[in-house]
Amino acid sequence: MSSPGLLVVLASLCLLTPVQPEGQRAHDLMLRYPLIDGHNDFAMQLRKVYSNRLSQLDLHNVSELTTDIRRLRAGHVQAQLFAAYVLCGAQQKDAVRLTLEQVDVLRRMCAEYQELELVTSTQELRDSRSRGSIGCLISVEGGHSMDSSLPTLRMFYQLGVRSMTLTHNCNTPWAESSSKLYDVYKRRNSSLTDFGKAVVEEMNRLGMIVDLSHSSWETASSVLQLSRAPVIFSHSSSYHLCPHHRNVPDWLLHKLRDNRGVIMVNLYSNFITCRDEANISHVADHFDHLRRVIGAQFIGIGGDFEGVGRFPKGLEDVSKYPNLIQELLQRGWKEDDLANVLRGNFMRVFEEVERVRDELSSKPPSEEQVPTELVQNPCRMVLRPPDLRPRSLDHGPTSRAHHGPNLLVALNTALLLSSLLNAS
Ligand SMILES: *[C@@H]1O[C@H](CO)[C@@H](O)[C@H](O)[C@H]1NC(C)=O
Ligand SMILES: *[C@@H]1O[C@H](CO)[C@@H](O)[C@H](O)[C@H]1NC(C)=O
Ligand SMILES: *[C@@H]1O[C@H](CO)[C@@H](O)[C@H](O)[C@H]1NC(C)=O
Ligand SMILES: [Zn+2]
């Protein structure tokens, strides 16, 4: 008990107590308020590098990537919005299948590792925290994933998806992207279309968080006017400090504050300094600016790890978040404000989204459909009973009535025969 070594340690601890170094303070704060991060593209890397074969890697230690369980733990990341993202090139092809595969791989990942847990509500999010596990929230990145279909959106919800960015880098037939990279669905009026409004209303009804990262400012503006629930920018930074179209200008931030939403700061160097190089001071400048413009209650963190290539010095992977908190403490940020930035603000938004869902519980599912001429493409079939008659026998619409039942009889006979054959 009274060994001189212990005394020295105790004495030095006492000396340190009045002015606790910010590094330790950051860790202590994050132990109490572990991070909920807005955006991570791990699932995209799973597809790119491993063809979604989870068995081929150990998620505890994935040295070729910037995210793994070991480093999420070290970074005090308690919950992560994982993006189910598929390339814009899939929009008029198999975007829905690819998205389902990304949702599947995320669900598998979060079930197969005991450190992870799929969460679909604020209650489950809090429970995952008490159990000491990392909560996985699934977020569809890009409205093209739902192929302009509200039933598809509802099925995403059933699978556990709890947020969706309205666009990625491509327009959809109903919302506009901030990027002009893809030459699709160009419109004169770049706000939401009527169907786009139905999407937002359905997301409000379901309890799905609307994510405005990647949307054009006009689209974002119409959503902020329309949405009954607060929204997020899950991975965007300040346009004032780096005028990139993916960032948010001050006038739009004011609307976000009125909506009580959250902007979760993207750490990608090119969105921080608009250059390839950045460091923690540059990132902290974004937090300072956002706090000046809208206040700390409307700020969060959305790292965008695995989605982009270059990260600021000192924030190279998901274990480094405490360095950022340390810098903000050094700049005089209050612990209460940082607690909200780390998780309180996102929790508030998610709780509000659930409350709006409960308020709308008597509203029936929307049967709004996108105008067919807007989504015509060879991969989209309009379902009708198959017409198998040879073309030459086509005598116009009246003949269908005769053939329909005959076709059914033939089908039934075939089914009966095949079941008899199989049974033998
Ligand atoms: C992680 O894996 C790499 C090789 O893939 C290995 O060199 C390293 O030692 C491992 N780290 C830990 C902490 O297990
Ligand atoms: C664009 O469309 C929105 C919603 O339909 C409408 O409110 C707005 O006035 C339109 N803007 C222009 C310039 O036509
Ligand atoms: C970041 O870089 C700037 C110069 O661009 C420099 O003034 C600042 O001290 C650097 N901050 C850190 C933490 O290295
Ligand atoms: Zn993105």
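Whatever order the structure lists them in is the order used to number ligands and atoms, beginning at 1.
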Does the separation of the ring centres of [X] and [Y] fall below 6.0 angstrom?
X: Y239; Y: W217; answer: yes
X: H235; Y: F271; answer: no
X: H168; Y: Y85; answer: yes

Is E327 close enough to touch ligand 3? Criterion: a residue heavy atom under 4.0 Å from a ligand atom.
no
Donor-acceptor pair, E306 side chain versus T67 backbone, under 3.5 Å?
yes
Backbone of R275 reached by a side-chain donor or acceptor of R310 within 3.5 Å
no
Closest N/O/S atom of H235 to the Zn ion (ligand 4), by atom name?
NE2
Give me the residue, atom name and distance of the protein heavy atom closest to atom 1 (C) of ligand 1.
N61 ND2, 1.5 Å
If you measure from each heavy atom of R70 to ligand 1, is any distance below 4.0 Å?
yes
Check the orientation of H27 and H76. Use parallel for under 30°, tilted for 30 to 60°, and perpendicular for over 60°.
perpendicular
Honestly, for N279 the part within reach of ligand 3 (heavy atoms, under 4.0 Å) is side chain
Region of H282 engaging ligand 3 - heavy atom pairs below 4.0 Å
side chain
Rounded to 10 degrees, the angle NE2 of H214 makes with OE2 of E141 at the Zn ion (ligand 4):
90°
When you measure from [atom] to the protein, is at least one non-hydrogen atom found at a distance under 4.0 Å?
atom: atom 14 (O) of ligand 1; result: yes
atom: atom 7 (O) of ligand 1; result: no
atom: atom 11 (N) of ligand 3; result: yes

Counting each atom of ligand 1 from 1 as listed, which ones have a heavy atom of S63 under 4.0 Å away?
3 (C), 4 (C), 5 (O)
Near S281, which atoms of ligand 3 are under 4.0 Å from a heavy atom of that residue?
1 (C), 8 (C), 10 (C), 11 (N), 12 (C), 13 (C)
Within a radius of less than 6.0 Å around CD of Q225, do more than 12 heavy atoms belonging to other residues, nucleotides or ligands occur?
no
Cationic N near anionic O, under 4.0 Å, R131 to E117
yes
